[in-house]
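Here's the structure, in structure tokens; my notes come after.
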Amino acid sequence: LAAYARVPVDVITEQDLDIHCLSNYQLLLIGGASRLDEKQASQIIRFVESGGSIILSGDTSLRHGDGTFRSDFLLADAMGVHFDGLDDRFMTNPSGSYLARQPHPVWNQLPETDLPLPPPRYNIKLAGAKVLGTHIDPCAVHEDEQWTSWWSPAPASLALSQDDPKPPLVTHHKYGNGHVVYFAANPFTDAMRWLGHGISNLIDWLLDPPAIRIRTDTPGSLGSTFWRRNHDGQVVIHLVNLGIEKLDGEVLAIPGITIEVSHQFGKICRASIAYPNTMELKVTDNPTMQLIAVPAVEIHTILTLDLWD
């Protein structure tokens with residue numbers, strides 16, 4: 001998902017859940033880490049209080065080490081919600097819920113359709129968080145004795161009265177100097193095709209700006225990997241044309257690529273292409289970013305960024 005957003009990522013383990021390690025990051029994406037313990041949760045809370053952001057989902061911090069449910073999320077205060085029970089009515093449906101979006105920039109440019117999420121879903125009570133989206137029930141439970149001619153039963157009607165409950169599905173809470181976005185479902189357990197764009201929008205909104213970001217008009221067709229060399233701090237970026245596989249080997253070059261590097265990350269003294277040819281690239285400054293226009297990527301391109309000390 002973060003690769004779709006084209007920003008540098010690391011994979012960390014529970015051993016890395018220490019404030020000194022976490023302080024190297026702007027955002028944590030936590031997909032259902034259900035059995036966090038009190039010490040780990042406290043380190044994540046300190047990270048948010050200090051200005052970090054987290055995106056989490058489902059039963060994150062909601063289970064004991066033996067898998068049984070806690071009475072509430074260990075991260076409840078930071079999340080701004082409390083656990084209010086598991087909703088497993090639609091466990092046999094491929095889509096256990098659909099997203100009704102509230103007006104907010106995180107939903108910009110997503111498909112104009114009802115966006116699905118897999119079951120189960122988690123009932124929550126708001127305790128300071130704001131709602132970015134609510135659940136829409138499927139129109140039916142998919143069972144052997146009861147089914148529809150859809151692959152997954154379609155969303156039920158949105159024509160609800162003002163008194164009808166609209167259970168929160170996506171929430172945002174400002175906590176300390178940081179932000180917490182919570183999905184009351186498990187979107188990361190399935191290949192939700194819309195989620196990559198949604199996470200990209202969240203990164204744009206939460207991280208103002210990201211340390212490094214690659215912009216392109218065809219995000220699904222460009223892969224990116226980032227390294228930083230220990231001995232000199234040089235950043236190496238590998239861009240790959242993912243459309244070649246989709247087009248059975250036909251090469252359609254990807255144009256219009258821009259690398260954005262925040263001033264907080266470092267001042268670029270030299271940007272260049274190392275492969276498939278060698279070329280110096282121009283760096284342009286604006287008030288918040290350093291911008292590098294990259295020639296069209298045919299198969300793959302390797303770039304290097306050298307930073308001033």
Side-chain angles (χ1 to χ4, degrees), residues 1-2 5 9-19 21-22 25-88 91 96-97 99 106 115-135 167-176 178-192 195-196 198-199 202-203 205-207:
L1 295 173
V9 298
D10 282 337
V11 176
I12 63 174
T13 68
E14 60 269 22
Q15 285 78 27
D16 301 310
L17 292 178
D18 174 89
I19 190 61
C21 175
L22 297 180
Y25 302 100
Q26 294 174 280
L27 181 143
L28 297 180
L29 180 63
I30 308 174
S34 60
R35 303 186 191 193
L36 295 174
D37 61 30
E38 286 81 357
K39 181 179 178 181
Q40 293 163 347
S42 70
Q43 295 298 300
I44 294 172
I45 290 171
R46 286 183 63 191
F47 168 75
V48 177
E49 290 174 334
S50 300
S53 295
I54 59 174
I55 301 171
L56 65 160
S57 67
D59 60 354
T60 297
S61 80
L62 190 54
R63 295 180 186 269
H64 296 283
D66 63 2
T68 57
F69 276 102
R70 299 179 183 273
S71 60
D72 203 356
F73 304 101
L74 283 178
L75 300 174
D77 289 344
M79 295 163 64
V81 302
H82 295 296
F83 180 57
D84 195 33
L86 184 70
D87 185 343
D88 58 1
M91 289 299 293
S97 181
L99 172 64
V106 300
L115 301 173
L117 292 104
R121 60 200 221 189
Y122 298 81
N123 295 329
I124 54 175
K125 292 180 180 178
L126 299 177
K130 294 183 179 180
V131 177
L132 303 182
T134 57
H135 287 283
L169 171 51
V170 186
T171 61
H172 164 251
H173 189 222
K174 180 74 168 66
Y175 186 76
H179 299 266
V180 179
V181 173
Y182 173 64
F183 287 79
N186 290 309
F188 307 123
T189 62
D190 240 334
M192 300 287 103
L195 192 59
I199 294 297
L202 277 171
I203 290 172
W205 179 58
L206 293 170
L207 307 185

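As the structure is a prediction and not an experimental result, all values here were calculated from the model.
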Interatomic distance, Q40 atom CD to L74 atom CG [nearest 0.5 angstrom]: 9.5 Å
So which atom in H173 and which in A78 form the shortest heavy-atom distance, rounded to 0.1 Å? ND1-O, 2.8 Å
Using side chain to side chain contact (heavy atoms under 4.5 Å, CB included), reason through L169 and S97 one step at a time and then give a plain yes or no. CA-CA 9 Å; L169 171 51; S97 181; 4.2 Å; yes
Are R70 and E38 ion-paired here, with the side-chain N under 4.0 Å from a carboxylate O? yes
Side-chain contact test, heavy atoms from C-beta onward, threshold under 4.5 Å: evaluate it for L36 versus I44 and give yes or no. yes
How long is the gap from CG on L99 to OG1 on T134, to the nearest 0.5 Å? 7.0 Å
Can the ring centres of Y122 and F183 be said to be less than 6.0 Å apart? no
Spacing of D87 atom CG and I124 atom CD1 [to the nearest 0.5 Å]: 12.0 Å
Check: I12 and L22 side chains under 4.5 Å, non-hydrogen atoms: yes
Ignoring hydrogens, what is the shortest heavy-atom contact between L29 and I199? Give both atom names and the distance. CD1-CD1, 4.4 Å
Any side-chain heavy-atom pair of P120 and N186 under 4.5 Å: yes
Where is the tightest heavy-atom contact between T60 and A33, given as atom of each residue plus distance? OG1-N, 3.4 Å
Flag the pair M79 / T171 as yes when at least one side-chain heavy-atom distance between them is below 4.5 Å, and no otherwise. no
Would you check if the side chain of D37 reaches a backbone N or O of K39 as a donor-acceptor pair within less than 3.5 Å? yes
For I55 and L206, run side chain to side chain contact (heavy atoms under 4.5 Å, CB included): C-alpha distance rounded to whole Å, both residues' side-chain angles, the deciding distance at 0.1 Å, then the answer. CA-CA 10 Å; I55 301 171; L206 293 170; 4.0 Å; yes
Does the ring center of H179 lie less than 6.0 Å from the ring center of H172? yes
Do Y175 and D77 have side-chain N/O donor and acceptor atoms under 3.5 Å apart? no
Taking only residues two or more places apart in sequence, or in another chain, which ones meet S71 in a side chain to side chain contact (heavy atoms under 4.5 Å, CB included)? none
Taking atom SG of C21 and atom CG of D16, what is their separation to the nearest 0.5 Å? 4.5 Å
Between F73 and Y182, ring centroids under 6.0 Å: yes
K174 atom NZ, over 12 foreign heavy atoms within 6.0 Å: yes
For D72 and V81 the tightest heavy-atom approach is OD1-O, 4.4 Å
So which heavy atom on A185 is nearest to which on S57, and how close? O-CB, 3.4 Å
Euclidean distance, L195 CG relative to L117 CG, rounded to 0.5 Å: 7.5 Å
Can you name the nearest heavy-atom pair linking R35 to D66, along with the distance? NH1-C, 4.0 Å
How many angstroms lie between OG in S61 and CD1 in I45, if you round to the nearest 0.5 Å? 8.0 Å
